Structures are given as C-alpha cells and as structure tokens.
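To keep things clear, I will list the structure first and then write my remarks on it.
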Amino acid sequence: MPALVEQPGYAHERLCALTERVPCRETQASTLLALLGEPGHYSYPSIFIYGHRASGKSHVTESILQELELPHAIVSCVECVSAGLLFEQTLVAFFGPEAPSLLPRSSSLSDFVRIYKQLCAQTPACQTRYIVLDRAERLRDMEANLLPGLLRLQELVDDNVTVILLTEIVWDKFRPNTGCLEPLLLHFPDYSKAELQEILVRDYHPAYSPDLYGSFVSILLGVFYSVCRDLRELKHLAALNFSKFCEPLEREEVKESETHKLWRNIEPHLKKAMQTVYLREVSSVQWEQQQQQMEDREAGTLKGLSAYAHVELPYYSKFLLIAAYLASFNPARTDRRFFLKHHGKIKKTNFLKKHEKTSNHLLGPKPFPLDRLLAIFYSVVDSRVAPTASIFSQISSLVTLQLLTQVGHDDQLDAPKYKCAVALDFIQAVSRTVSFDIVKYLYDFL
Amino acid sequence: MSKRKSKESHMTVGECVSQAQKCLRQRFCRQELSTRPMGLESQHKHLLELLRRTAVHGESNSVLIVGPRGSGKTMLLSYVLKELLQEKDVKSNIMLVHLNGLLQTDDRIALKEITRQLNLENVVGDKVFGSFAENLAFLLEALKKGDRHSSRPVIFVLDEFDLFAHHKNQTLLYNLLDVSQSAQAPIAVVGLTCRLDVLELLEKRVKSRFSHRQIHLLSSMGFSQYLETVLSQLSLPADFPDTKFSDEWNANVKKLCEDKSVEDVLRKHFNSSKDFRSLHLLLLLVLGRVTVSNPVIKPADLLEVGRLSSVDSKANILHGVSVLELCLIIAMKHLNDIYEGEPFNFQMVHNEFKKFISRKSHSIHNFEKPVVIKAFEHLQQLELIRPVEACSVKIQRDYQLMKLMLDHTQVMEAIQRYPQCPTDVRQWAFSAFG
Amino acid sequence: MATSSVSKGCFVFKPSSKKRKKNSDVVDYFIEGSDDGEMARIRVNICQRLWDMTKSETEMLQDELNKKILDSLLEFIKKCASSFQSQMNDWASLMRASEIPTAALVLGVNVPDHDMTFQSLSVLLQQSVTPFVVSVQAKECTALKHLMQKVLERLIGVDVAVDDDDEDGGQRSAPVHQKRVHCSLSSLCDWYSSVTKKYETSPGKKRTSMAKDMISKPPIVIIFKDLEAFNPRVLQDFIVICSRYIQKLPLMFIFGIATSPSTIQHMLPHSVSSLLCIELFQSLSCTQHLATVVDKLVLNTEFPFKLSGKVLQVLVSIFLYHDFSVRNFIKGLQLALVEHFHSQPLSVLCCPKKEALDHAQKLSHQEVERIRQLPSFMRYVENQEPQKQVELLTNDGCVKEVCKILMKALRKYHKNYYPILRCLHTLTSSLPKYPLGKQIREIHISCLEKNVWETEEYDSAMQLLKLMAKDELVALLQKCVVILSSSKSKKMKAALGQLQNYLAKFDQLDTLSAEEVMQEAVSPEKDLQKKTDLFQLQKTLLERKETRRTKKMTPFEVLRNQILEFVDSLVRAHLVPPESQPLNEVCYYGSSGVLRRHLNATPRTSIQTALSHPYYYLQHEGLKTDSGTFSNAAPDICIVHKLHLECGRLINLFDWLEAYSTVVSAAEGKDPDSSDYGKVDELKHARFIQAVSELEFLGFVKSTKMKTDHVARLTWGGC
C-alpha cells in the first residue's frame, strides 16, 4: 500500500497537510485516495464507506476533498426530508447557487439527471466530481429508485462523477431485492487503544503539560476501554473528569510526576462514572457541582437524570396506574381470586399451576379493556369514589403522559383498550406512596 | 525512429504510470471495451445483425437482453452500437432513444424524455393529445420524411426493462411493441433486464406483441477463459504512447497471471462470481496500489486485495462493538439456541445477561439497566438486531420483540477475532446453554 | 388551547367577548336572581373587584413562584450564549463545542398549567436575551418537515415551502412574489447571518427595541413544550440536523417535561443524546404551590370573602385526588365567590370595613328581615336581655347599628384568628406524626369545623409539646413572636408582650436559683387575683395540684407548662369556629354541594338517574312512583334501559323487544288476555329501535361481533 504522501497526481505539500489532518487514519485515507485516482482520471461510479460512529469516515473523506480542492458536494441524508433537497444541494455545490432554479417543484430523479446533463454540457468536468452522502442509510426510506439510481449516476448522467456513501450499516442491508450496481466497499475499522490514546492526547488542556494529560488519558482508557470505544464518548468523559484529576495538583499536594497518587485519587470517581457511561445525564457543569456535593457527603452516588425517576401524581391517578399495571400483567382469569373478597372455592393448587412458561414480566404488558381497568380500580382504591368525569379524564391524561398507551385506533370511543407502560420499580415506588403492597397482587410473584 | 526515441525520452515513469492508470481506469470504471467482449461472440453477432437490419433495411424489431447483474449487458450493447454507428450509412440515418426504468418512473415522464431525445419539443410545442398512443404516433410521424420507406429508424433502449412493466397498465411497452409489430415506422425495441422471469411480468396483450427474441448473457466461460479475460483487461493497448513501458507492463501482467498464488486468488473470485463488474472491481483495487515507487503489479498486491475483498463486513462491524454489546449478542445467541430462534425482547436478554453477571462477573462491571438499554439500542441502530414487526411508538422498547441478524458461526468468529476479549466472556460464549 | 390533559371529551372555547358587555349581562343575571336591583348592582361590583383581586394576586404569585427557576434558566442560557460569543476559547467549552446546550425543565404532571410558565419564560427571554424564541407543540409536528416548517416560519415569519404534493393540506406553498424559502436549516443559516449582520451594521431602532445587554449574536432558543408527546424519530432527526449547524447557528433547546427527566433517555438513543449538553431544572412541586396560594388567598384578613370548612375541603380534595392543577383550584375559588355573591343577598356587607359600614347603613327593610332570619343572628339575639331582644326584632335602625358592631367584631375575630392559627401551626407542624396535620390548611379546616381544642389530636399535640426540649421550644416560640409582631390588633399585641417576657424568663432560667423557683411556682397566684375568670381559676388550681403531686419539677418544666397553658388559652380564645360568630353567613360561603356538582361533575350517574327515575328531571305526576317500582308510562328509552339492566352481559335483541312491547302495551291499557296483547307492530318496533340506538349512543350498549343478534352491555361506557 503506497504511503499517503506519494500519491501520484497531487502536490506534495498538499498531501503532507492532509496527512496532518487525518491522524491514525493514513492507511484508510491513502486507500481511498488511491481509489479516487488522479483528478483527471475516471473513478468508480460509487464507493460505499462503512464503519462505526466516530471512526473518522466523514472526516477523512471531507478533508481529502477539501484539502485537495476537488469539486464535491457533501449532503446529509437526514436533512433531506425530500429527495428534492438532496438534488438542490448537489447542484448548488457543482454549478453555483443559480442552478437549482431550473429544478421543478417536487423534482424527481429524472429531472435531476436531465438538469445535471444540461448544466454539465455547459461546464464540462476536467476533474472527477464527488457527491458525498452522509448517513446514507436514510436513502432506503426515500423513493425506491433513488438509491440504485445514485449508485449508477455516472452512467446515467454520462459524466465523470462518483457517489460516496457514508454509513454505519453494512452494505447487505442496502441491497434492493432486484439487486443494483454493486458499489466499491471500504471499511473504516475502529481505533485501537493506542490510536485512541494518541488522538485524545491531541486536545490536551493548555494549562497542563501534554504528558500529564497523556497519563490521565491512559488511566481513563484503562477503566473505560472495555465498555466504551466510542471516541466521542471518551472525549466527553475526559472533559468530565479531568478537572477532578487535577484537583490534587491545584492543592499542591502532589507533583505532576507522581502519577500513582493521582491515579489513586481519580480512580473511584471513574468507577462511579461507569454507572452512567453512555447516558448523557449530566452536563459537565452539573457533574462538577455534584463532585463538590460528594466532597460533603462521601457516600453520595451521582444523580443523573435517571435519579429523578419518581413522578408526582394525583391520588386517584396513582391508583388508576396501579390498576392498569395489574390489569396488564395479570391474566384476566386471576382477577376473581385477587379482587373478590370471598371468591368461592378456587383450588389453590390448580390456580397456582402456571400455564405460561415464562413470566409476564418477560413477555410484557397485555392490553385490557376499560371496564376491567375500572373494576380493578374500584376494588383496590380504599375509599368509595364517584365515577366523576375527572376520573375518566385522568385516564386520558395518563395516556398523554405516556404512562398508559392506548391500543388500537384513537377514534374507538366505546370500550377502548389500554396497556400500562411503566416499569416494575416505578409502579412499586408509586404504590409505596399510597401504602399499597402491589407485589401481593401480582400473579408472577405468587 | 529518432522521433520515437525523443518521444520516449521525455516520458518519465510517473507520466507512464498515470497514463496506464488513465486508460485502465477508463476500462474498469466506464465498462468501455476496446476489444470484442470475451465469451459473448454469438450474442454479439446476433444483436449486431438485428440492429443493423433495423438501421439499414428499416425492419422493426424487439429483443430482450437478459443476464445477471454485471454480466455485461450494457457493455455489450454499447459496444454493438459503437460498431453500428461506425458504418456511415447508418450514422446519418439512425436515431437512438435511451430510457431507464430508474429514471422514467412513469409513462408521462417517459414520453417527455422520448420527445426530448428525438428533439421534437418544438414540433410538439403545446399540442394536447388524447391518448398516449396518439402522442407516440405523432412523434413517429414527425420522423418520417416523405415516403414510408425512408422514415428514419429509431432504436429504443429500455434499461431496467422490468421496471417499465410496473407502469400503469404498461402503456409505454404496449405502444412501443405495437409499433414494432405493425409496420408503421421502423423501430427496434431493445430491453435490458436482469430478471429471467421478465416475460411473466408482461400483460397478455403486451406479451403477444413481443417478438420473443431473447439474448441471454449467462456467461459459460471456464476458468481458463477467465484468466485470459484478466490478462486482456490488464494489459495495455498497442497505441500506448510509450511502447517500452507498455511492453514491460504487459510482460509483467503475463507473468502475474501465471503465478500460482495469484491464480488461486482469481479462482476463488471466479467461483464466487464470474461477472465482469466484480472482476473490474478487483482489478481496480489492484491498480490502486500501482505508483511511481512500484510501477508494476506484484502478486502480493493481488493477494492482499483478494483478502480484503473477501472479508465479511458484518465481522468488521462486530470487531468494533464494546464488550458490553458483545455480551448482549452472546446472550441473544444463547436465547436463540434455547428457543430455536424465537424472537426475544430486551427483558429476556437482560435477564440472561444478569444471570451471567451473577454467576461470574469479575471482569464485567455490573451496569445499570439504562446503560444496558443504550447498548441494546446501539445494536439495533447497527441493524445487527431488528424488530419483528415495524417499530411503533406505542410499544415499550424493552418489550419489543427482536431477531438477531447474525448466525451462530458469525458470532463465534467475531468472539475469536475480538481484541482482548475477557476470558470468562469467551467461556460464556462457548458454554452450551446460558 | 390547553386541553391536552383531558384529551377526549368536548371543550367549548368561547370567543373572548368585550369586558363591558360581559359585565352588563352578569348584572342582569344577578338582578333577576334578587329583587332589589340597586343592591344587586353593588354586589356585582364588589364581586368584580374581588374577582380581579384574586386574579392579580394569583398572577403575582405565579410570577414569584416561577421566578427562581426562570432566573436560573435565564442564567444558564445567558452563559451558553456568551460562550457562543467568545468563540469557545476556554478548554472545557472547547471540548463541548459540538454539543447543543439543552435545558430539561421539569414541571409537574398537570400539562395545562404549563402554558403560563412557558408564556412568561418566552417573554422573559425575548426581553433579556434574544428575540429569537420559538416554542413548538407535539401535535403540530407529526413529521420532521412540519417541525422544521413551524420553527422556520415562526423565526423568519414567512411561509415556508415544504415541497411535497402529498396529503397535508395544512401547507400553504409560498406566494409567488416572495422568494420561496426552503424547509432546511441551511436557509435558516442564511437568514440568521443576514439578520445578525443587520444588527451589527445598523444599531438603530432594532437595537434600541431590544434590551441593552442583548449581544450581537443572540442565540436561537427552541422550546419543546411537551416532550413526552413528541414522536421520538422526529425529535432525533431534528437534533441530529441541528448539531450539524451548531458551529454556525447558536442553537439552544428547552425541553418541557411533565413526568420525569428519564424520559429523555427513553426517547433518545445515545447517538443522539451525546449531541446534547443537558442541564436539569426542577420546578417546585405543585403541592407547595397550592400551599402558597392558600396562604395568600384563603388565610388572608384583607380578603373579606371566606370559605367554610366543607367548601375548602372540596376544593383541596379535587386538587389532591384528581388534578394537581392550581389553576383549577383558583377557578373553583372564583366560582365560589360568584356563587356566594349571587345566592346570598346579604353579601353586600362582605367587603372592606368602611364600605361594609355604610352599606349596613343603607340596608333596606327586606334585608334587615333577612338578617333577622340568619341563624347566627338569632342565636345572638337570644343571648341579649329581653327589651334589647324586642328592640332588635322591631327596630330596623337598631339592627343596623348592631349589625355595624357585629361586622367590626367579625373583622376583629379574623384579625386574631389567623395569627393564632399560624402560631399553632408553627408549634405543631414539626411534631412527630403531625397530629394536627403538616399543612396549615389542615389545621385551618379542623378549626373551621369544630372547637379544635376538644379534639384528641389537639390533646396529643399538646402532650408532645410538653415533652419538647428547651432549645427547640424556644426556637418555635421565636417564630411565633415574629408572626404575632406582624399583626396590629390589640389582643395580639398583648399576647406578644406576654410571650416575649416568657422568653425572657427562659433566658434567665439558668441564672435562676431554687427559691426563685418556688416564687415561680406561686407566681400564678398573683395573676390569679388579677384574673377573676372562673375557668382560669380552676385551671390554675388543677395545675397547683399536679405540681404538688409531681414533686420537684425543674424550673424549665414549670415554665414550659405555663407557656403551653398560655398558648392553649390563646387557642381557646381565638380559634373558635366561625359559626359561633354572628353574621358569619355574610362572609362565609358554605354550600359545598353546589360547588362539587359544578367542579366535579358525574355525567354518567346523572344520566343513570334520568333513565331510572325520569320523574327526577321531568317532574310529571304520571311518572311519580314509590321507590323500587317503575312506571310503565315512562319514556321508551327509560323502559329499554330498565329492561337492559335486568339482562346479562350479552342481550338478545329479540327477547328485549318482546319484553319492551309487553311493558308498553300494558301502559296502553290493553287487557292482558286480548289476542294482540304484547304483539309487536311496526310502531313499537320503530320506537324500540330508536330507544336502543339512543342507548348505544349514550354508551350503555354496543354491538358485538361475537353474536350478530346480540348487543353487549358496557359498564363504564367510553372515556
């Protein structure tokens, strides 16, 4: 594999600058560049680049195209609510801001190709034109002919143009059932530990020496690498914890050299951070505040968003929710046993023999009709409640709060069906506030 | 002679390489043939004959070129047309209309396109036509000059022919084929498709108007032919400016094709797919490795490329997932083993995972449920798992039924290749149940 | 319109009519209710005043309650904006450069109440931070393009063309003359850059129109009012798109969350949430909110209109049991207000002191009569000596005079009532297991109901107080001092004085020596001579006894008992229920039934009564029946309903029809043994079908797929 700098057809200093811009991605960059070939040459109709998030796909591609000043259009497919937008952005990038005015409203692929040809005839390409489509997986949701069409765009517009697709998803998930022109697959592997180290160290804190930051990063990786290889997440974590790491230095207790002491200082905090890796619960600011709080009360675990799980509800809403939970996790046939004061002689044994293999808490909630909900509600709620309008309205507000979900159509006015959409610990917390022992009433825990 | 010398003298290696790149790339990327297509002689002859008849004698006709993707349908056609247009009496006379099922998604657009390509917009102006047939008839009429015989023949090329069959009651196909049947104006309808069952898609009335000529490109070439093709595809043309370089190049290519390891690679590739495009893909990758520093193709390059192109992309993706996600995948695999591939939901997976953690978790941190859910979501985003029915907002995420999109071996291989995978995780993966 | 809390059910949105006009017809309403137009008019005015007063009060309350959270929110946004300004030069923000600053704003489960908050928030933002504030609701953003469109339209203020020729008619394509703005953030970028340039170049009107501290590149704040209701996919895509432009556009989000912040995690996968820099803001719980409202509006001497215990109970229970909506609570209060002034003619006197007095002067004869009929007034009269009684019953002038006095007395009563109530609350609210309740409203209610000191809760509270340690007791008493010192009435001043010198004694305690203690012990004797109150005497005697029995109390204990005695005496003196006060009916509104009917309606029960006892509504003699039996002359639907009650879950239509026709023909008075008795003719059939369809419409039965000729009974109908 030729080194990046010695690609034929490009100015040497440009290539050096490029090499600067893509740390730990030289091989991928050079492969890609080799495939693109010299500006004048023909290039393959479509290239499909896949790899994990934050593995430098779009960065490498963009820096190549920008650094080497190749004519290109970069479009994010998420942004394109309609194919028309995609076409426009492309045309603007290639033929100037006036170009899209030629496109008709709600333009189709054929319009695009037509206009492209027309404009291309006026300003023929001396270099390969590149269309970079980020988040390409979204193309599958658009018109059926779009993806195959773009893949063989070169042939359709009869111009030296290459379409580059960037995505996290493998090509097999893209292929239409009647097949299409197979693009050239290129994989961006995830960064190795060493590479991560190298990249993370690059943005060290100006106030401290790079090697201090380096040692911090190595500690960080030591803790997190096993569970999190996402560069962006690691960066976030680094930003989060570095100030903590530096505290002893601030207090002049240890010198930068004594990394071991520093390690002992930071390690517990990183362990705590493990609890909430991936959930961006706390902004860095609030994190730091909480670190302060933890100084005060040592046993304090950090409170992310998930810590505020409990919800204040009106008294009857709580019972309605409880009733809904029971209705959706208990089989209907068991209601007599649970809620009738003196259910006749139901044999404990044959009642308890479970027909289901797995418990309902694995299979999930079942839908139930309104009648059943209210029946259970009236048997669990202690005081006798008038069936007022506000009781019914509470059910609907529970639905709007997404604590209940309505099954089937909304227009179904008579006998609607619902499902309970809350977790066990949530409902337990709720029932504790009204001193109702829900576990006693759950079939799974009998 | 002296001229040649001087010409060579100012042709440095770099220029040579880039020249070579240029012409080979043209070949691989644009599917342009310098020589007659290998292994398709009969088809080529047939098609050429057919079209010439239309072009020269004004006989209407219709033909389907059927063959799998990348088997060189377009290549063949373009080559034939190139040949045809070289004959001068044809060139002045014939007219071409290229339609593509991907572009002309309905007949209205198609008709516009036809009008444009026959450049008759000004003639049509803003006339309004009752029916499609009338419109087409008018267009063809407009091509006639004077008597019936001298009307200019038109060749309609319908790429992705099968897509046209999905248009509303196949009006376009009906009319074109109808014209090609009745001797109104001399047209040839050439359809290209990769669907062997394409005739089944046609309505009866359309089918009956089709001449039922089909040219199949099921290339029957053996490996020896394949090797020849590779050779011819790689070797530089005679008109290459620098003969010295080209001779060396071609000699090297010859040597390359005789190399044993190279042959193995090619055979492997041949067995997987013998079509041109994939071959071109391979060769292009090889070509990418040719630079000033190594101006020739080494067997090593080919081997490397062969290895790269043969890896499973899912394995690539799996290589990058976190240990936690890997654990989830293992849990799913176990579930699949236990319940014979019944769909599962997050709760079950989490259950398995917790069981594993409780049994032996010194290397794997015991994560909160939200964290695990995030990992699960990531797997779904990578489409390594996919919901059974369309993902609706209503249903809770952790009870949504999922299927694992990986098979047993893929998972195992991934675990083998996984960098610094904790031993107990590996053991868990290989343990028989849960 | 804020109906998202009751999503199904029908709502009437009245057009906002002119104030003047509304006022007038209110007057008519009052007048027709009463017989004296003049007084009615006065009452309307008072009512109007009080109404406005409550309104302004609550608004002020709202603001100061939201103030804290809104301020912190503003702080946050300003900070972010400035970091946008200073091109992220410090390391921390550099690391966070790609994240969109986001505020997760948690405000209770009652969604309709949120609107006010968001209103004030956006106003505040527009005044102090940025002119570019957009708020979007879930139901107007079903798809990404709609969300985009809304945001762009509200920012730029022109129609935005979403190029699609499919379903949604809501889209107006842009007018031809103005250039078509595309529904993408890039066009927003262009717009933003142009606008900001304008600001920088021309510091003319635009600049001045905005606040001084407005920065040159104001952020764009997007408020998602109800996060839960949003479609997650739409939200995710939108965030992803925004994050691509964060370098060019200083974007900022505010999530309005009803349930709990963890919904963010439920909605957004990590790939999206990692684009946000979320900060959490929790609004204070609605129960605290209610407490303040009660404190300001109910426990307020300046506010002449009072609620009786029952009514308050109703309002509070609606709040606690059904909707945590403070707004509804206030509405209920206002309803009670109107009801009171409408139903109670004597409410003319329910107004600030001075007016009350001259209104009392202007009382007409009828009203004087009304006063005489007031039970509380009668009780008062009975306690007077005979000739006074006669005079009161005959002489209007005298009544008016007395009335004035009594009104003053009532005012005094209130003046003393509330401070003492607060004191009692401060003393008892910190006791274990809250014998008298945690919230002041609970004590208030129990005081309104009965003599609080006769309840055992009160006794237990007192016992607990008797066990209290010195320092806490002192602390509580200090609080009481503060409360009392705020009130101006003489009695309270006196009480304050006593309390203070008790506290002084506490300070001396440690210096006190034994014989002083003895002196302390007898000290009650002195004031025993002073006070000739029998009650007091007994008490002190009792106390003496027990002091003897419990030999050797520490001086502190003695002092503590004395103080508690004192407090107790205050309670007994001032916390008597208002029923005991003459003329309390003037100010107190007591008919809780009416209120409950209005605020917490039970439509289904009323329908059932209508169907089962048509007489109750129709008042037709023919329908009058003794309980249990059922007149067969009742309307068809009633009969059908009655019959359907006797059936099981599935009802066979034919049997039903048979039964129906029998009943009806009985009503027609056919003789039972005639041939066509109970025979079904077209007319009966038609009537039956109509009745059944009406029942179905009312949601009592519904057709079922299980059996074609059957209908299913619905217990609860739909909701």
Side-chain angles (χ1 to χ4, degrees), chain A residues 53 76 78-79 81-82 84-85 88-89 105-106 135 203 205-207 232-233 235-236 238-239 243 278-286 305-306 308-317 370-371 374-375 386-397 399-403 413-416, chain C residues 4-9 91-92 95-96 104 106 108-109 111 144-145 148 162-165 182-185 228-229 237 240-241 244 258-262 264-265 270-271 273-274 276-280 282 285-286 320-324 600-605 699 702 714-719:
Chain A
R53 188 173 347 116
S76 153
V78 186
E79 208 172 335
V81 287
S82 68
L85 284 171
E88 266 178 37
Q89 296 187 21
R105 200 161 179 290
S106 70
R135 301 290 301 272
D203 42 22
H205 197 298
R232 208 185 303 161
E233 186 69 18
K235 210 168 166 183
H236 171 74
S243 59
Y278 286 129
L279 337 161
R280 288 303 186 87
E281 328 200 88
V282 283
S283 77
S284 319
V285 184
Q286 283 187 331
L305 298 183
S306 48
Y308 301 91
H310 112 284
V311 180
E312 267 190 352
L313 283 174
Y315 188 69
Y316 289 146
S317 303
L370 178 67
D371 284 8
L374 286 167
T388 58
S390 44
I391 291 286
F392 288 100
S393 71
Q394 280 178 61
I395 296 177
S396 337
S397 24
V399 172
T400 47
L401 293 180
Q402 310 276 311
L403 298 175
L413 266 174
D414 52 354
Chain C
S4 43
S5 152
V6 190
S7 66
K8 266 181 252 61
W91 182 76
M95 295 293 277
R96 259 179 277 133
V106 183
V109 293
V111 183
L144 177 61
K145 52 174 181 257
M148 279 282 195
V162 178
D163 45 336
D164 52 354
D165 34 353
H182 256 299
C183 179
S184 74
L185 272 192
E228 281 87 354
D237 290 358
V240 170
I241 294 171
R244 291 189 73 240
T259 51
S260 80
S262 50
I264 296 180
Q265 285 170 17
H270 169 247
S271 59
S273 57
S274 62
L276 302 176
C277 169
I278 302 170
E279 213 155 317
L280 194 59
Q282 201 116 15
S285 76
C286 48
L320 289 179
Y321 287 168
H322 294 300
D323 54 354
F324 273 161
N600 201 0
T602 63
R604 199 166 176 82
T605 16
K702 80 184 249 275
L714 296 172
T715 322
W716 297 107
C719 77

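Just so it is clear, the structure is predicted and the values come from calculations on it, not from any experiment. In what follows, chains carry the letters A, B, and so on, assigned in the order in which the sequence lines appear, proteins first and then strands, with residues in each chain numbered from 1.
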[X] side, atom [atom1]; [Y] side, atom [atom2] - distance, nearest 0.5 Å:
X: C:Cys277; Y: A:His236; atom1: SG; atom2: NE2; value: 8.0 Å
X: A:Thr388; Y: C:Asn600; atom1: OG1; atom2: CG; value: 4.0 Å
X: C:Asp323; Y: A:Tyr316; atom1: CG; atom2: OH; value: 13.0 Å

For [X] and [Y], work out which heavy atoms get closest and say how close.
X: A:Val311; Y: C:Val109; result: CG1-CG1, 3.5 Å
X: C:His322; Y: A:Ile391; result: CE1-CD1, 3.9 Å
X: A:Pro314; Y: C:Phe324; result: N-CE1, 3.5 Å

Tell me, side chain or backbone of C:Val240 under 4.5 Å from chain A's heavy atoms, or both, or neither? side chain
If you tally heavy-atom pairs under 4.5 Å against chain C, which of A:Glu312, A:His205, A:Gln89, A:Arg53 wins? A:His205
Between C:Pro603, C:Ala601, C:Ala258, which shows the greatest number of heavy-atom pairs under 4.5 Å with chain A?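 Ranked by heavy-atom pairs under 4.5 Å with chain A, first place is C:Ala601.
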Just do the side chain to side chain contact (heavy atoms under 4.5 Å, CB included) check on C:Arg244 and A:Ser76 with the steps written out, would you? CA-CA 9 Å; C:Arg244 291 189 73 240; A:Ser76 153; 3.4 Å; yes
